[in-house]
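I have placed the structure first, in the form of structure tokens, so that the comments after it can refer back to it.
Quick note on labels: first sequence line is chain A, next is B, and so on, each numbered from 1. A quick note: this is a predicted structure, and the numbers were derived from the prediction, not measured.
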Protein chains: 2
Amino acid sequence: MSARFGVRLVNENLSLNMSKNVDFRDWYKQLVTKSELIDDYNLPGFYILRPWAFSIWESVQKYMGERFQEIGVKNISLPLFAPFMDKLEERYEDLFPNTYFLTHAGKDPIKHSIAIRPTSESLVYSDFGRWCRSWRDLPFRINHWSNALRWIENPIPFIYSREFLLQEGYSGFTNREESIDEVYKMLDIYNNIYSDLFAIPVLKGRRSEKGKLKGSDFSTSIQIIEPNNGIGIQAASSTHLGQNFSKKFSIYFDNPKSPGEKEYIWLTRYTLSIRSIGALVMTFGDDFGLILPPKLAPIQVVIIPVGLDNCKNEKDKFNLIKNIKLINEKLKESGLRVEMDIREELKGVPIQLEIGLENLISRQIPLNVRFYNEKCILCLDNLAGELKVLLKKIQSDMLKIKTKELNDCIEMCLDWELFISKLERHSILLSPFCGHLKCEESIESMLNSKGINSKLLNIPFEQPKDYFGKKCINPKCKEKVEFFALFGQSIC
Amino acid sequence: MSARFGVRLVNENLSLNMSKNVDFRDWYKQLVTKSELIDDYNLPGFYILRPWAFSIWESVQKYMGERFQEIGVKNISLPLFAPFMDKLEERYEDLFPNTYFLTHAGKDPIKHSIAIRPTSESLVYSDFGRWCRSWRDLPFRINHWSNALRWIENPIPFIYSREFLLQEGYSGFTNREESIDEVYKMLDIYNNIYSDLFAIPVLKGRRSEKGKLKGSDFSTSIQIIEPNNGIGIQAASSTHLGQNFSKKFSIYFDNPKSPGEKEYIWLTRYTLSIRSIGALVMTFGDDFGLILPPKLAPIQVVIIPVGLDNCKNEKDKFNLIKNIKLINEKLKESGLRVEMDIREELKGVPIQLEIGLENLISRQIPLNVRFYNEKCILCLDNLAGELKVLLKKIQSDMLKIKTKELNDCIEMCLDWELFISKLERHSILLSPFCGHLKCEESIESMLNSKGINSKLLNIPFEQPKDYFGKKCINPKCKEKVEFFALFGQSIC
């Protein structure tokens, strides 16, 4: 099986023994562990991020950090403990049962139990106001790279785990227009990080009334769809909080136009988490392991010495190793991320060079491209240059192919019976929808009653041209159709 | 008062109303808050790191990250919860009473209470073994950038707080020699980060038997001394764990020399925390606020427009602002970190330019150098170049002057009566010491009984040439003197 990629399997235990199409969850769990992204931990539902995963996360942080710096977002660090979370009752209604509480310091009980942050919102809102008193302080943009913790019934590594790494940004403005601009600006940054770094196409859209951040004005989100099994992932979100929270937390500024008058600050919140790595695994993982896009791969090229054991004499062996080390150094100097002879069976390194004595003589280097699942040959004399071109092509092909798959998998559906039967077979559907909370709840309860795990994912910004005159997909609904909404199986 | 630096005080509440020499703790607390390094939080002893502090910490992470990459240290991420901490009884004897315990998830009690990491040690040791089975996996180097939490009676921001950011690195080797090398290599990296980035001179030394990491072979540390008040800070440590913990946690590799035979891995641990920013404040803070070394300063140059209100007409005003913006852009393009007209009274920006209309005509720009507490003039035509030279000189002078102060403040002391009276006046003393735990305890208890808060700080690697024949500083001690040890007031 592994011969398909020329992958060296030093140990058969390392290979996956479940197919993505047969048992997705088992396949996924095996892949993230065996590719050395994570390791299990002494506590169920908690994971260690190994260097392979953490290095990917560091690339995300670097990419995002540069975008943030361009628009003046400053990083801060907030405490882990979140007192007074209950101030945001509406928002935390759902979060409370999933929050960890601290009750002891050493052997001594603490007077009032303290929450461990399930999100940093309440922390920021209670302090934001102290930092913005004058209109001169606005716009004000801060961001927090952190870990958050939630009690999750059925954890899935990266996607839905009990501790997760994330970025939470908060901005404040003097007026509604600018704060709405900010919501879309941040969603665009997320869009770019996925298409540019991850090579994953996304669907930008508005979250439904049911799905939006509770207590907010409106939420937007980035939806990633895995075409093969119709699973949707909310991969990032950007929310317009309006003045709702600033009123609750007394976050205001002195209006320069009418001195002495206080105006509440317009707030936004945007967040992307380590779930992005889960989306990457789901999108590009296959039955042979992970496939990493070149821009994100901690190692882009691995060099495997071939035929060492067949060398006729010690001189040949020495010669081969010496030359491979030279090639390795040269490629590194050219800025490529290269390693020699690492165990990479499932780790998804984009390119694998195989170099033997005969290749040194012919100046032709054979290589496997993990994404194309193909061998090809490059000339040794301009290896670094040709590899760079190839890596660029791989990165762009990955996005291109996945974009086509995404477009092909979304079906328009206007009929309730078809809607039901297609969702049962894990289709991704675009259907007319009135936009009302009650209607959405009624659709979901009808789906649930039939054992269908699908729901409204989001309302894509890119709408079919002609939805006027269509009837809401919910046959019981008499409301006017406002737009087409995306329905599918949501893993989260 | 503030006129001394030409510092603009837009609001007198922003200035410090306590002197470093009068009430150090009050001065320190005011400085870290008013310079916008931290903000108080809803829970006592917890702090928000504001962008000014977090940006400094990010510089530390970047500098250290590059050093780590050079020697193959890989970053990982570990869970916050630390089960089975009790496995390291000896090490955690002291830590237990200061550890937070989790008992509830939502409203439901958890069966076995879980510790929140006071350090990541037990987490690493319990997993290290799974990642290193073969000698081929060694040396193995991992690092964790994280937050750790401890219940502290009298918290001091950065220095001793209830939640703190830190780096904890762990390395494993096949033999003792290499692991000992690693200990000193990491201590050298810490030495360099302090002298190179922070401009703070340090004393490298061995920790005493009492001070070393419990259960380890030996510990080394970096000691920073504040000459003005004789306070010592342990600013980083690097420890040889030997095989002690690998035996407890079954961390072994298969010995290639004698197949089938298991050998315990030699481990080291090294850590530097956000306390480094506390050391920076203590070293370079004065009664007018913070002073930042140019390499570490988030902003190196601030430009203040002067005489805007005195401009005779709108054209002059427009002209001045336009030109200042141009200068700002040009300096930024040259790679300097520059801001216009920020509120920086106490933040310690190294250079402050003051530009008025007459300066644009004369091409002479007056500036204040915060560290020298002096005004000087640079030529507008090569401003970026001259600023870079000046910033380099400031950085190097800061280290030079502090090095001299450090050397001058350490006194040799051979006599017990003098030892007592000098420590009472907060001197830093180098005195002969036998090295025994009991003797150290006896010295400390004698000091304590006299109300003196000093203790053995470390045993400097650089020893006075001639300590043979000297008597241990403890008059009751009959043991042979092994070296000179450093004694002083320790804040931590």
Inset, instruction - Evaluate side chain to side chain contact (heavy atoms under 4.5 Å, CB included) for Leu149(B) paired with Phe81(A), printing each intermediate quantity in order. - result: CA-CA 10 Å; Leu149(B) 290 98; Phe81(A) 296 151; 3.4 Å; yes
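- Contact record, Tyr41(A) with Ala82(B): OH-CA, 3.8 Å, taken as the closest heavy-atom pair.
- Rounded to the nearest 0.5 Å, atoms CG (Leu80(A)) and CZ (Arg162(B)) are 14.5 Å apart.
- When heavy atoms are compared at a cutoff of 4.5 Å, Arg130(A) approaches chain B solely by way of its side chain, counted from C-beta outward.
- Closest heavy-atom contact between Arg117(B) and Asn147(A): NH2-ND2, 4.0 Å.
- Within the 4.5 angstrom heavy-atom criterion, no atom of Ile38(B) approaches chain A.
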Legend entry - Worked verdict on Asp39(A) versus Trp131(B) for side chain to side chain contact (heavy atoms under 4.5 Å, CB included): CA-CA 10 Å; Asp39(A) 204 348; Trp131(B) 306 325; 2.6 Å; yes
What pairs of donor and acceptor atoms, side-chain ones from residues 67-77 of chain B against any protein atom, are under 3.5 angstrom apart with sequence neighbours left out?
{"unit_1": "Asn75(B)", "atom_1": "OD1", "unit_2": "Asn143(B)", "atom_2": "ND2", "d": "3.0"}
{"unit_1": "Asn75(B)", "atom_1": "ND2", "unit_2": "Glu58(A)", "atom_2": "OE2", "d": "2.8"}

